[in-house]
Amino acid sequence: MYQTNDHEGMQAETVTMQGNKGDTINAYYARPLGQGPYPGMVIIHHAPGWDEWYRECARRFAHHGYATISPNLYFREGHGTPEDVGAKVRAAGGVPDDQVLGDLEGALKFLRSQPHVGKKVGVFGTCSGGRHGFLAACKLKGFDALVECWGGGVVMKQEELTPKRPAAPIDFTKDLSCPMIGLFGNDDKSPSPEQVNQHEAELKKYGKNYEFHRYDGAGHGFFYYDRGAYRQEQAVDGWKKVFAFLEKNLK
Amino acid sequence: MCTMIVHQAKIEGRGKGTSGWFEVKEANVSYDHPYDMPLEHALNIDFVNESAGPGARVAVELSIEAARNLVKTIEAVLAQAEERGVLEDIPLAATGASR
C-alpha cells in the first residue's frame, strides 16, 4: 500500500522487441524506477486496437510495482491512429492466434532479459486480449498468474472457428499452467453468463487454481473509463481484486 | 467481444477523409464493436483504400434500425432513378475519369 512519504518514479516509453518468428515489433514498456527486482506483467490489448487505455493500464501496473510491457499485436498491419489500424484488423477477421502467442512469448522473453525484473511474470488481457491471455497461460510456459477480463471467445462453437482462430481456448483448460482470476459482467453477451459458467466448470473439472468474480449491473468492458460501458463501482472493486491476486501470486 | 463478423465489398467511389477526398476501393461491413457509438456492437461500415494505408478510411457506425433503413433507402433511390431512366450504370473506368 502506497504511503505518502514513499518515493515514486517510473520510466515509460515505446520500445522494440522480438515477436513471433523473430519479427521486430513495438511495445510500450512501463517500469518502476529502481533496481528491483520487480515482478513482470504482459498486457494484452483488445481487438479494437493498441490504444491509449493500454498505455495507461501499463503505467497503472508500474505504479503498483510491476515492470509491464504491452506489445503492439497489430504492428504488422501498418501504422496510423489505433482506430484506423484496429479497423483494418477488424476487416481482416483479427490476427492469427499463433502469431499472437509468438508475440506474447516474445514479450515474456523481453521481461526475462531485463535486469530489474524478478522471477515471476503475469499476464493480463481484456476482451479478445482476455481470450489471448487464457490461451497464452495454457499454451506457453513461463507465466505465473493470469488476469482474464471478460475474455470473449474462450468458449466457441464449431462454426465460429476460423483459420486465424482455429481452436476454442476452453479446450486447452487442462494445460492451464498458473493461477487465474477472471472478471465478468453479468450483462455481457460475449462472454455470456452461460459461457462464463462453462468456462468455470471446465476449470473445476481439471482442479485448477482460479477465482471468478461476476458483477451485476456491468456488461462488456466495464473497466474502460472512456466508454459508456464503464461502471465505476464494479471497476474499482475489480481492480482491487486484481491487485490482491497479483500480490499473492507474483510478489 | 469481437464477433469477427465482417464482409468486404469491392467498390468504386470516392470518400472524404481527414485529408480530403480519396478513391475508395473497398467497403468493410462488420457487426462488431464500434469505436464511438455507445453500443456493445454496431453495424460498422469502413470505406477504405487498402493500398493507401490504414488512414485512408471513412467510417460510419450505425444502429441496427439505422442500418436496415439505410439499405432500404439506397435501394429506393436506385429504383427511382432507374424508373425515371436516369440511372447511369457505367463502371468508373469506362468514363475515363482520372483520380
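Labels below follow one simple rule: chain letters A, B, ... track the order of the sequence lines, proteins then strands, and each chain is numbered from 1.
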Quiz prompt | Interatomic spacing from OG1 in A/T81 to CZ in B/R57 - rounded to 0.5 Å | solution = 6.5 Å
Practice problem: Could you grab the distance from atom NZ of A/K189 to atom OG1 of B/T3, nearest 0.5 Å is fine? | Solution: 12.5 Å
When you look at [atom1] of [X], are more than 12 heavy atoms from neighbouring residues, nucleotides or ligands closer to it than 6.0 Å?
X	atom1	answer
A/R76	CZ	yes
A/E13	CD	yes
B/Q80	CD	no
A/K241	NZ	yes
B/D36	CG	no
A/D98	CG	no
A/E233	CD	no

Quiz prompt | Smallest separation among heavy atoms of A/E77 and B/P54, with atom names | solution = O-CG, 3.8 Å
Quiz item: Do the side chain of B/Y35 and the main chain of A/A87 share a donor and acceptor less than 3.5 angstrom apart?
Solution: yes
Quiz prompt | A/R90 with B/D46: basic N within carboxylate O range, under 4.0 Å | solution = yes
Exercise. Please look at A/A91 and chain B and tell me whether the side chain, the backbone, both or neither of the residue comes under 4.5 angstrom of a heavy atom of that chain.
Key: both
Quiz prompt | Contact check, side chains of A/H220 and B/H33, non-hydrogen atoms, under 4.5 Å | solution = yes
Quiz item: Relative to chain A, which segment of B/I5 carries a heavy atom at a distance below 4.5 Å: side chain, backbone, both, or neither?
Solution: neither
Exercise. Report the option among A/K164, A/H79, A/H46 that has the most heavy-atom pairs separated by less than 4.5 Å from atoms of chain B.
Key: A/H79
